Amino acid sequence: MLKFTEEHEWLRVEGDTVVVGITEHAATQLGDIVFVDLPEEGTEVTKDDEVVTIESVKAASDILAPMDGTIVEVNDVLADNPALVNEDPLGDGWFFKMEIEDKAALDELMDEEAYLKYIG
Amino acid sequence: MTDDDLLQTPLNALHAELGARMVPFAGYAMPVQYPMGVLQEHLWTRAKAGLFDVSHMGQVLLRPRSGDVADAARALEALVPVDLMSLAPGRQRYALFTNAAGGIEDDLMVVNRGDDLFVVVNAACKAADIAHMQQHLSEACDVVALPERALLALQGPAAEAVLEALVPGVAGMRFMDVGVFEGSHGALWISRSGYTGEDGFEISALAAQAEALARALLAHPDVAPIGLGARDSLRLEAGLCLYGADLDATTSPVEASLTWALQKARRPGGARAGGYPGADRIGRELAEGPARLRVGLLPEGRAPMRAGTALFAVEAGGSAIGHVTSGGFGPSLNRPVAMGYVAADDAAPGTPLWGEVRGKRLPVAVVPMPFQPTTYKR
């Protein structure tokens, strides 16, 4: 099941964890991504904390935690190959996995149809 | 300012047709990138040839009232710390407008066209520069702004062959040569120069001819349109300053490591020493050295150090000894590059420094510039 935030993140639910990345729309808008600064595994985050910084050729942007939880795994491959975010934003270009405390909060996020309408 | 208030260059319709993403820049709607994207546009320019619309820049003629171009050169020397009396016809030279405090009001190119001087200034400064020249040069010169002219740049290793096919004769020019070429696109004022570190040309054409000229250049398979995004990363790798970022009204040419642009004749002890705004400070800094210097900075890691990043001589504690003024990712080097100002004691190449990025101090080394070797045809 894929969920989307207004910050152009996607969340894929895998059991008790969710995988988080950015949408193709966001990756295209950012342009060529050259650096991804990932959080440390085990970091506890609150919704809207700045957890990831992405640098494109042009500028830096922050990715916010989509909900409360704990970072349990990060996609280390991005350190050497940040271009994966442009090449495969919904697949190999994922950022981190987090354990979330309140699964019900997922219901407040957009589904794919709502997100596509949101970006117009 | 809303987008509706933005000025347009003569190539505005062509940019739209090419799929450019337009942004406001110095009051103009300008292409920041085309569908190729900044990274590939940068690499294309280094490998083949990139076409840039730089029509937003200010083009100005200084026509000597006496008819003798030396009188225009002598008058303009009162505004810049540069030797213009020795600038030969058909040659171009880099110059700086200074202020009374020895800071830089703008950087510019000056061309001796034989009968007059042709000056190219930055878009954001052009109104002030024209007023400045009218105020101080009107006795000696007619100061004529040329809004009816567009400016294109063709840059990269294929530029010579591409332009020679359209404008025979340009291949014989050397770096900083300038000529007027009459042809099917009207009178083109062409200089062998640019802002990328690559061999290439800047072409001043009448606005009405600019689109046809641009289309003729783009028809060559080696030529792609390049936006302001790649223009910035190209000039940064070439170690070239951006006015407003690396140079400003408080920065002296000596601090900015631009002493190469200050010829002997205008330095203390020279034939025409001083006689320009801020000569006291600039002369003193030439003799004693400045307190801070612009240097190249090579971050060790993958994290870019953007403009504003504070620089430290120690990994923890202490106070900042400088800051980054331009920084980003250098596609040709495939790593971050930056330039900035540091205390003179910390300016020697090889000096290890730390840049504070998001609260963490990351190692960065002072290095000579350019980062990318230039390929000018000298």
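Source: prediction; values computed, not measured. Excluded from the calculations below are hydrogen atoms, water molecules and symmetry mates; all remaining heavy atoms, backbone and side chain alike, are included. Numbers restart at 1 for each chain; the letters A, B, ... are given by sequence-line order, proteins then strands.
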Checking heavy-atom separations under 4.5 Å from chain B, one finds in residues 96-120 of chain A none
Partner set under side-chain contact (heavy atoms from CB on, under 4.5 Å) for A/Ala59, not counting sequence neighbours: none
Most chain A-contacting option - heavy-atom pairs closer than 4.5 Å, from B/Ala303, B/Gly328, B/Gly330: B/Ala303
Check chain A and chain B for donor-acceptor pairs under 3.5 Å and report each one on its own line.
from, atom 1, to, atom 2, distance (Å)
A/Gln29, O, B/Arg21, NH1, 3.3
A/Asp32, OD2, B/Leu39, N, 3.0
A/Thr53, OG1, B/Arg358, NE, 3.4
A/Glu55, OE1, B/Arg306, NE, 2.7
A/Glu55, OE1, B/Arg306, NH2, 2.7
A/Glu55, OE2, B/Arg358, NH1, 3.2
A/Ser56, O, B/Arg306, NH2, 2.6
A/Val57, O, B/Arg306, NH1, 3.3
A/Lys58, O, B/Arg306, NH1, 3.2
A/Lys58, NZ, B/Gln33, OE1, 2.8

Under a 4.5 Å heavy-atom criterion, the part of residues 4-23 of chain A in contact with chain B comprises none
